[in-house]
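In this text, all values refer to a predicted model and were calculated from it rather than measured experimentally.
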Amino acid sequence: MRKILFIFLVIMLVGVILTSTFFIYRDKKEDKEQEEIFDELEVIANNEDNTKEETKEEKEGKQEETINIEELHKINNDIVGWLKIDNTNVSYPVMQTKDRPNYYLNKNFYKKYSALGTPYLAESCNIKTSDNLIIYGHHIKRKKSFWRVREL
């Protein structure tokens, strides 16, 4: 009886370890994919040439970067702006759907599921007339999204 119980516990432990490993792998893969999407969008928004490699000093030496929202709007017309906070890793498109509140909470720019989501403007805000805009985004401890803002 003890041997059967021991074997059962070992099988359960192995099952838990394998399941946990799968979920950790899936989360890491999704994080990487979302990061690649944001990097790709930043290239499009900044009209950067993918073939030209810039050094960090060259990028920092540029004055104010202009964001080309029109190019991104051709891909997804829910984009309303770009949020960039200096001295952080925050550089993301800002989305808004008036008829679907919280739509981008768990969706990426391409409207596919993403646990990280995409920063989005509250449906009650008017980008053209509002003095204050409410932007929602995730605060994730894995140094993603708005995690770095709290260090400022």
Side-chain angles (χ1 to χ4, degrees), residues 13-152:
L13 181 61
V14 169
V16 167
I17 290 171
L18 290 175
T19 303
S20 298
T21 303
F22 167 75
F23 283 114
I24 290 169
Y25 170 76
R26 187 185 70 181
D27 286 348
K28 293 285 186 189
K29 182 180 175 198
E30 189 175 304
D31 287 354
K32 185 176 184 212
E33 289 171 357
Q34 184 72 353
E35 200 170 302
E36 288 171 356
I37 288 172
F38 284 141
D39 290 343
E40 171 190 327
L41 294 174
E42 193 167 14
V43 167
I44 294 169
N46 289 324
N47 290 325
E48 293 176 1
D49 183 3
N50 289 334
T51 59
K52 183 184 175 219
E53 289 291 324
E54 289 183 329
T55 65
K56 187 176 180 181
E57 292 78 25
E58 287 175 330
K59 286 183 180 179
E60 289 175 356
K62 287 183 179 178
Q63 290 295 347
E64 190 172 315
E65 296 178 11
T66 51
I67 303 296
N68 186 353
I69 298 298
E70 291 79 26
E71 284 299 313
L72 295 173
H73 198 269
K74 291 176 187 175
I75 300 168
N76 183 339
N77 60 2
D78 289 340
I79 189 168
V80 293
W82 193 274
L83 176 66
K84 181 167 178 56
I85 301 174
D86 293 334
N87 301 320
T88 69
N89 63 339
V90 176
S91 183
Y92 303 122
V94 178
M95 315 303 284
Q96 185 180 39
T97 55
K98 298 233 180 220
D99 57 335
R100 295 171 288 171
N102 302 324
Y103 180 76
Y104 284 98
L105 182 64
N106 293 311
K107 300 278 187 191
N108 66 20
F109 181 82
Y110 297 106
K111 300 182 180 181
K112 300 212 181 328
Y113 175 80
S114 169
L116 294 177
T118 304
Y120 62 97
L121 194 62
E123 69 278 356
S124 61
C125 294
N126 185 326
I127 193 83
K128 294 179 181 170
T129 62
S130 296
D131 290 334
N132 297 306
L133 301 173
I134 302 169
I135 298 175
Y136 294 103
H138 288 283
H139 169 89
I140 297 175
K141 291 182 181 178
R142 296 183 301 231
K143 298 187 179 182
K144 305 284 183 206
S145 217
F146 292 103
W147 183 84
R148 294 277 312 218
V149 174
R150 67 182 284 207
E151 293 181 350
L152 296 178

Atom pair CG (L83) and CD1 (I135), whose distance is rounded to the nearest 0.5 Å: 5.0 Å
Closest contact, heavy atoms only, I17 versus T21: O-OG1, 2.7 Å
Neighbour count >12 (heavy atoms, 6.0 Å) for atom OH, Y25: no
Exceeds 12 heavy-atom contacts within 6.0 angstrom, atom CG of D99: yes
K112 atom NZ, over 12 foreign heavy atoms within 6.0 Å: no
Point-to-point distance, once rounded to the nearest 0.5 Å, from CG of D39 to CD1 of I44: 11.5 Å
Reported CG-to-CG distance for the pair N102 and L105, which is rounded to 0.5 angstrom: 5.5 Å
Step-by-step side chain to side chain contact (heavy atoms under 4.5 Å, CB included) determination, I75 to Y110: CA-CA 8 Å; I75 300 168; Y110 297 106; 3.5 Å; yes
T118 (side chain) donor-acceptor with K107 (main chain) under 3.5 angstrom: yes
Heavy-atom pair of closest approach, residues L72 and F109: O-CZ, 3.6 Å
Shortest non-hydrogen separation from A122 to Y136 and the atoms involved: CB-CE1, 3.6 Å
Y113 side chain near N106 side chain, heavy-atom distance below 4.5 Å: yes
Separation between NZ of K111 and CE of M95, rounded to the nearest 0.5 Å: 7.5 Å
E42 side-chain N/O to S91 backbone N/O, donor-acceptor pair under 3.5 Å: no
Where F38 and G117 come nearest, the two heavy atoms and their spacing: CZ-O, 3.9 Å
Distance in Å, Y92 OH paired with L41 CG, rounded so as to fall on 0.5 Å steps: 11.5 Å
Interatomic distance, Q34 atom CD to E36 atom CD [nearest 0.5 angstrom]: 10.5 Å
Flag for Y104-D78: side-chain donor and acceptor within less than 3.5 Å: yes
E123 side chain to Q96 backbone, donor-acceptor under 3.5 Å: no
Expected output: side-chain N108 to main-chain S114 donor-acceptor under 3.5 Å: no
E35/K32 ion pair, N-O < 4.0 Å: no
